[in-house]
Amino acid sequence: MKPFYILVSAAFAWLLALQPLAAQEIFVGVAAHEVDTPLSFKIDEEGVDFQAGYRGKRIEALSVIGAPSPYIFASINSAGDTSLVAVGLSWKIGDKFYVRPGIGLAVHDGPSLRFAPDGSQTQLGSRILFEPELAVGVRLSERIDLEASWVHVSHAQLFNGNQNPGLDIIGARLVIKLP
């Protein structure tokens, strides 16, 4: 088993073991990997991503910034290309229909060095990346939501001014609110 998957498993086991009463919701999803957007460049990866995540209750102590919810999620690539684990904060704005912006940090298992046929480097530039995300959701029932999600990972040229292709992942998530 790759060390990355051991890290993912350990992170989820730790969260579920230590914080079961703080969980607000879990989610599972599927997403297109390496979607071409204006925020990223082609890095020649394939497959789809399977996502699983956990969101905690709103942190009222952070009400000055809107009482965000903490989250952790894993995005595992079906083709063996870049997978990641991200942690951060997100804000749910709305009720029946909502938007959920978030910002976090991600650790990925992509290659540390990779070249395109034209000789340009296509690795993500840093093992730790910023992870902004945005979801648009609808409440289907008292306990079930459906979200369209966009996740972007990048180092914003802070760690390497010449190299920052970024990676965009767009998909759908089924959100289950816990009792």
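Count residues from 1 along the sequence. Keep in mind it's a predicted model, so treat the numbers as computed, not measured.
Counting heavy atoms from C-beta on, the side chains of Arg173 and Phe73 come closer than 4.5 Å. Using a 4.5 Å cut-off on side-chain heavy atoms (C-beta onward), Pro179 and Arg143 make contact. No side-chain heavy atom of Asp49 sits under 4.5 Å from any side-chain heavy atom of Ile76. Two residues are said to be in side-chain contact when any heavy atoms from C-beta on lie closer than 4.5 Å; Ser149 and Glu133 fail this criterion. With contacts defined as side-chain heavy-atom distances shorter than 4.5 Å, the pair His33/Glu45 qualifies. Side-chain contact between Thr82 and Leu167 is present, with at least one heavy-atom pair separated by less than 4.5 Å.
The hydrophobic cluster around Val48 extends to Val30, Phe50, counting ILVMFWY residues whose side-chain heavy atoms fall within less than 4.5 Å of a member. By the 4.5 Å side-chain criterion applied to Ile, Leu, Val, Met, Phe, Trp and Tyr, Trp91 is assigned to a cluster that also includes Ile59, Leu62, Val64, Ile65, Leu89, Ile103. In the hydrophobic clustering, Ile93 connects to Val99, Val136, either directly or through intervening members, whenever side-chain heavy atoms lie under 4.5 Å apart.
In terms of heavy atoms, Val138 sits closest to Tyr98 at N-CE2, 3.9 Å. Contact record, Val153 with Ala106: CG1-CB, 4.0 Å, taken as the closest heavy-atom pair. For the residue pair Gly166 and Ser154, the shortest heavy atom distance occurs at CA-CB, 4.3 Å.
The side chain to side chain contact (heavy atoms under 4.5 Å, CB included) test applied to Ala148 returns no partner, not counting sequence neighbours. Taking Arg58 as the reference, Glu60, Ala67, Ser69 meet the side chain to side chain contact (heavy atoms under 4.5 Å, CB included) condition, with sequence neighbours excluded. Among residues two or more places apart in sequence or in another chain, the side chain to side chain contact (heavy atoms under 4.5 Å, CB included) test is passed with Ile144 by Leu140, Ser141, Leu174, Ile176.
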- Please assess Leu129 against Leu105 for the test side-chain contact (heavy atoms from CB on, under 4.5 Å), listing each intermediate value before the final yes or no. CA-CA 6 Å; Leu129 303 169; Leu105 293 174; over 6 Å; no
- Task: Please lay out, stage by stage, how Glu131 and Val151 fare under the test side-chain contact (heavy atoms from CB on, under 4.5 Å).
- Result: CA-CA 7 Å; Glu131 184 267 331; Val151 173; 3.6 Å; yes
- Item | side-chain contact (heavy atoms from CB on, under 4.5 Å) between Gln51 and Ile169, worked out | CA-CA 10 Å; Gln51 298 178 345; Ile169 302 166; 3.7 Å; yes
- Message: Let's go through Gln24 and Lys92 carefully: what are the C-alpha distance in whole Å and the side-chain angles of both, what is the deciding distance for side-chain contact (heavy atoms from CB on, under 4.5 Å) to 0.1 Å, and is it a yes or a no?
- Response: CA-CA 12 Å; Gln24 180 178 337; Lys92 186 175 181 181; 5.7 Å; no
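Contact check on Lys96 versus Asp145 returns no salt bridge, with no Lys/Arg side-chain nitrogen under 4.0 Å from an Asp/Glu carboxylate oxygen. Of the charged side-chain nitrogens involved, at least one lies within less than 4.0 Å of a carboxylate oxygen, so that Arg55 and Glu147 count as a salt-bridged pair.
Seen from the ring of Tyr71, Arg100 does not count as a face-on cation partner, given the 6.0 Å and 45° thresholds.
With values rounded to the nearest 0.5 angstrom, Lys57 atom NZ is found 12.0 Å from Glu25 atom CD. In this structure, Glu46 CD and Ser78 OG are separated by 9.0 Å, a value rounded to the nearest 0.5 Å. Considering CD1 of Ile170 and OG1 of Thr37, their distance stands at 6.5 Å, rounded to 0.5 Å.
Note on ring orientation: taking the six-membered ring where Trp is involved, the planes of His152 and Trp150 are parallel (angle under 30°, cut-offs 30° and 60°).
In this structure, the side chain of Asp109 engages the main chain of Ser83 through a donor-acceptor pair within 3.5 Å. One N or O on the side chain of His108 and one on the backbone of Ser126 form a donor-acceptor pair closer than 3.5 Å.
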